[in-house]
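Notes to accompany the following structure.
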Amino acid sequence: MSIKNNSGIALGIIFYLTVLSVSPVMAGSATVSDVSRELVCQCGCTMILSNCSHAECVPRDTMTTLIGQKLAQGEPPDEIIQYFVARYGEQVLASPPKQGFNLTAWLLPLAALLAGAGVIYAALKQWLWRGHSSPTAPMSPETNQEYQERLDKELTDFNESAFR
Amino acid sequence: MGDAGYIVLLLAFAAAIYSAIAFALGGRGGHPALTESARNGLLAVFILVTLSVEVLVFALVTHDFSIEYVASYSSRDTSLPYLISGLWAGNAGSLLFWAWLLSLFAAVVTFQKRKSGHELLSYAATILMTTEAFFLILLLWVANPFRTMAFVHPDGMGLNPLLENPGMIIHPPALLAGYVGFAIPFAFAISALLTRRLGDEWIVAVRRWTLLTWLLLGAGNIIGAWWAYMELGWGGYWAWDPVENAGLMPWLVATAFLHSIMMQRRRGMLKVWNMVLIILTFSLAIFGTFLTRSGILSSVHTFSESGLGPLFLAFIGITLLGSLGLLYFRRKELKSEAEMESLVSRESTFLLNNLLLVGAAFAIFFGTIFPVISEAVRGVKITVGAPFFNQVNGPIFLAVILLTGLCALIGWRRASIKNLVRGFLWPLAAAVILGISLVISGLREWYALAAFCLSGFVLFSILYQWFREVKARHRIKAENYFKAFWDLLGVNKPRYGGYIVHLGILLLAIGIIGSSFYDVEKEAVLMQGESMSLNNYTLTYESTDQYDTQSKTVVSATLAVYNKGKLLGKLIPEKHFHRNHAQPLTEGATVTEVAIRSTLQEDLYVILISADKNGRAAFKVLVNPLVNWIWIGGGFLVLGGLIAFWPERQRQATPRQPAKKGNRDEH
């Protein structure tokens with residue numbers, strides 16, 4: 001594989017990881033809703049905290065009230081999330097943290113895509129080689145002319161009808 | 001009545017076993033009489049399963065609460081449409097519906113291919129009847145919908161209130177038909193492997209079936225999203241719940257399959273890959289059915305835990321190992337005839353599209369089962385929710401969107417630079433103008449900006465390409481533009497159906513991007529007469545009402561909605577407190593009925609969280625931009641799919657040169 005190809009793959013990986021890192025931005029202006037989207041309601045509904053729509057859900061109300069209080073006290077969103085992790089365990093998080101064993105969840109899809117891309121690259125290379133190396137008999141000018149006319153007609157037909 | 005239903009199912013099971021064996025022997029030995037008998041057996045299965053469905057529907061409609069299923073999923077005050085939809089509301093009933101759909105599809109495909117004397121059919125029918133027998137085993141011995149109770153209750157528990165929505169009358173049948181329908185292409189693929197008829201024959205036989213099934217599953221998913229948006233009351237349409245994922249995965253792989261079979265038909269390529277794709281699609285469809293019934297993963301859709309899980313797992317295991325094993329033994333006979341002339345060709349875009357679609361399906365599959373893996377490895381059952389799926393799949397889906405436009409515009413074998421420039425220059429210019437306009441209008445998030453520009457580019461590319469083709473026909477045939485457009489559509493339905501599907505996907509993408517990046521929400525507790533504001537909207541809480549119906553107490557709140565001071569109208573969100581229902585989907589039986597003011601630009605979505613007798617009420621208000629484009633895109637997808645599916649007129653073979661009257665006999 002050439003340097004150019006390697007650079008392309010490296011750029012692709014960097015782009016993918018950059019995009020992966022685009023998680024909801026929770027700066028100083030984070031709201032209860034921003035933090036709630038990172039947590040799961042503990043009432044058993046299995047929904048994201050901000051999405052739990054139960055009429056009188058005590059766990060949701062307790063958690064959102066606490067988030068509101070902590071934000072009002074100026075606590076950073078990350079610390080608030082860590083507080084809930086310490087209280088309920090990792091299952092309170094809406095997605096696996098990007099560390100330790102959980103990294104496999106984030107990276108395996110990328111690895112599978114790269115492996116697939118590798119297989120496609122190898123197949124394309126082989127098919128291109130086959131396409132370029134298949135023997136072709138030299139054509140006489142008359143035959144060439146006949147095929148050119150036929151090709152033109154088929155291309156015109158294709159524009160109108162051919163997507164199978 | 002329950003006994004009658006059970007006996008009919010027992011007879012259907014016997015007929016399915018007989019039919020499967022007779023088809024296999026008939027196909028192997030070439031005994032037409034035996035094959036004919038097997039066909040009658042298959043018809044008998046369909047009639048008997050239909051009869052058992054009718055028995056259960058009759059029991060639901062006549063309130064026969066001696067049957068446990070009827071008592072669990074209906075009540076005397078359930079209206080007729082929802083009594084009938086009770087058929088697929090519970091575990092056993094939906095399994096019976098699954099079995100009925102399979103028998104229906106098997107009967108249709110068997111009799112459709114009967115006159116053509118399809119040689120693949122015998123083994124395909126064996127596989128279909130074996131699958132049918134598996135489902136009948138489940139119905140007879142594990143999840144019997146006709147089980148009777150010793151004590152007959154005066155009334156049933158009623159349908160889950162969340163399911164009392166028009167979407168729920170269509171969504172489950174469409175989704176289940178989507179799952180079941182993949183059995184047909186799967187059966188023909190395995191039959192092709194068994195009979196060593198490994199050319200295009202099986203693909204020709206199943207293309208339209210696959211398209212129809214893909215369409216049903218796609219429509220089922222979109223209607224499910226619409227139902228979640230209207231009925232679940234959390235403000236979104238897709239929660240990446242394991243069961244939602246189970247509906248999406250086979251659809252993605254089937255999309256890859258529908259594209260890659262074009263490569264096999266045109267270029268003789270990807271023969272093994274197409275087999276792999278259809279095996280995966282069917283296995284994922286069964287996996288979806290397994291997920292709802294195993295209790296292995298937490299989901300809002302899960303039926304009560306039952307003993308079905310291990311049986312489904314065994315069935316998936318046998319299907320996967322058996323099919324892939326057979327494929328391995330036939331691999332040499334499936335050698336590709338592939339050769340390529342250029343990297344810039346439709347073949348390359350289809351390969352990339354396959355990679356991305358299957359990659360997305362894998363990412364969703366891995367994320368869905370990761371809690372189980374985590375529990376097995378670390379002893380911690382973590383949650384994998386929307387933030388994970390959005391971040392992992394976002395870039396993949398953006399690349400799919402780009403290819404959605406490119407693959408239709410790049411020709412087979414080789415695309416010249418001149419053609420590429422001609423096809424993409426104007427759309428690119430339009431996308432740049434769109435991007436500049438969005439920046440000027442205040443859009444700053446680079447990810448959303450890139451996504452909108454990309455979608456715009458692909459949208460303009462497809463429309464521009466279509467315009468060029470209409471213009472070419474207008475010029476060649478001297479037709480007006482409308483007629484040229486209409487005739488083109490009629491002449492090549494798969495091509496233009498495909499264009500419309502791609503446009504639908506783009507509109508869906510635009511709706512998803514808008515509603516994901518720019519939704520805003522606010523919660524407030526208001527006293528009557530107080531107001532809250534969100535974006536340009538001001539909502540004034542006017543009054544609360546409470547009334548009883550036969551089955552529930554309804555609490556509603558009326559809000560006056562203003563936009564920049566101008567009264568737009570009233571919105572009345574509700575809470576329904578059902579009295580006689582106690583199913584596990586929600587706490588007790590409280591259902592949120594949201595109020596939505598919907599425009600093409602955005603939805604104002606109001607949820608009544610709670611209201612008390614002192615005139616105080618809590619609301620959650622969301623502004624969801626562009627959501628309507630998701631449903632419009634869904635409509636395009638269904639329309640395009642139907643056009644592509646629609647049978648083509650038999651084309652008259654046109655002679656290369658027009659024959660003259662006088663010398664016709666000479667040719």
Side-chain angles (χ1 to χ4, degrees), chain A residues 15-16 19-24 32-33 37-38 40 43-48 50-57 64 89-96 100-102 104-106 108-110 112-113 116-117 119-120 123-124 126-132 134 153 156 158-164, chain B residues 232-236 239 241 262 265-266 269 298-300 338-343 348 351-352 355-356 358-359 362-363 366-367 370 374 377-378 380-388 391-392 394-396 447 469 472-473 476 488 491-492 494-495 498 521 575 577 586-587 590 592 607 609-610:
Chain A
F15 173 75
Y16 187 84
V19 171
L20 271 189
S21 66
V22 181
S23 44
V32 173
S33 175
R37 285 180 185 185
E38 298 298 306
V40 174
C43 70
C45 69
T46 75
M47 296 192 81
I48 302 287
S50 60
N51 295 346
C52 176
S53 56
H54 288 170
E56 281 159 18
C57 177
T64 46
E90 265 180 34
Q91 58 265 41
V92 78
L93 292 171
S95 57
F101 177 74
N102 291 324
T104 48
W106 295 94
L108 204 64
L110 172 65
L113 271 176
V119 171
I120 285 182
L124 278 175
Q126 194 188 354
W127 294 338
L128 275 172
W129 177 81
R130 216 186 282 173
H132 291 307
S134 43
K153 186 181 182 314
T156 311
F158 177 79
N159 268 338
E160 289 182 35
S161 58
F163 192 69
R164 270 159 280 245
Chain B
L232 289 184
W234 55 273
D241 177 87
M262 280 193 247
R265 284 199 65 197
R266 279 194 159 258
M269 298 163 87
S298 304
S299 159
V300 289
E339 58 178 56
M340 278 178 69
E341 291 168 26
S342 168
L343 270 181
S348 299
L351 283 172
L352 272 178
L355 171 68
L356 293 167
V358 176
F362 174 74
F366 194 63
F370 193 72
S374 171
V377 174
R378 298 171 59 221
V380 181
K381 192 168 187 171
I382 57 149
T383 309
V384 181
F388 170 86
Q391 286 181 60
V392 171
I396 300 177
Y447 196 61
E469 286 163 17
R473 188 173 176 103
I476 295 165
L488 267 186
V491 163
N492 199 337
R495 179 187 180 97
E521 62 179 63
K575 274 275 189 232
F577 298 90
T586 56
E587 40 130 29
T590 310
T592 303
I607 304 162
I609 298 172
S610 63

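Here is the naming used below: chain letters follow the sequence lines, and residue numbers restart at 1 for every chain.
Proximity to chain B involves both the backbone and the side chain of A:T104, based on heavy atoms less than 4.5 angstrom apart. If you measure heavy-atom distances from A:I120 to chain B, the contacts under 4.5 Å come from the side chain alone. Contact annotation for A:A123: neither backbone nor side-chain heavy atoms come within less than 4.5 Å of a heavy atom of chain B.
The main-chain N or O of A:P96 is found under 3.5 Å from a side-chain atom of A:W106 such that the two form a donor-acceptor pair. Of the possible donor and acceptor atoms, none in the side chain of B:T383 sits under 3.5 Å from a partner among the backbone N and O of A:A94.
Two residues are said to be in side-chain contact when any heavy atoms from C-beta on lie closer than 4.5 Å; B:I607 and B:W234 fail this criterion.
At a cut-off of 3.5 Å, with distance as the only test, no side-chain donor of B:K381 or B:S374 sits close to an acceptor on the other residue.
With chain B as partner, the option from A:V32, A:I48, A:L108, A:V40 having the largest number of non-hydrogen pairs under 4.5 angstrom is A:L108. With chain A as the partner, the residue from B:L355, B:V377, B:V384 showing the most heavy-atom pairs under 4.5 Å is B:L355.
Looking at every heavy atom in both residues, B:L351 comes nearest to A:L124 through CD1-CD2, 3.6 Å.
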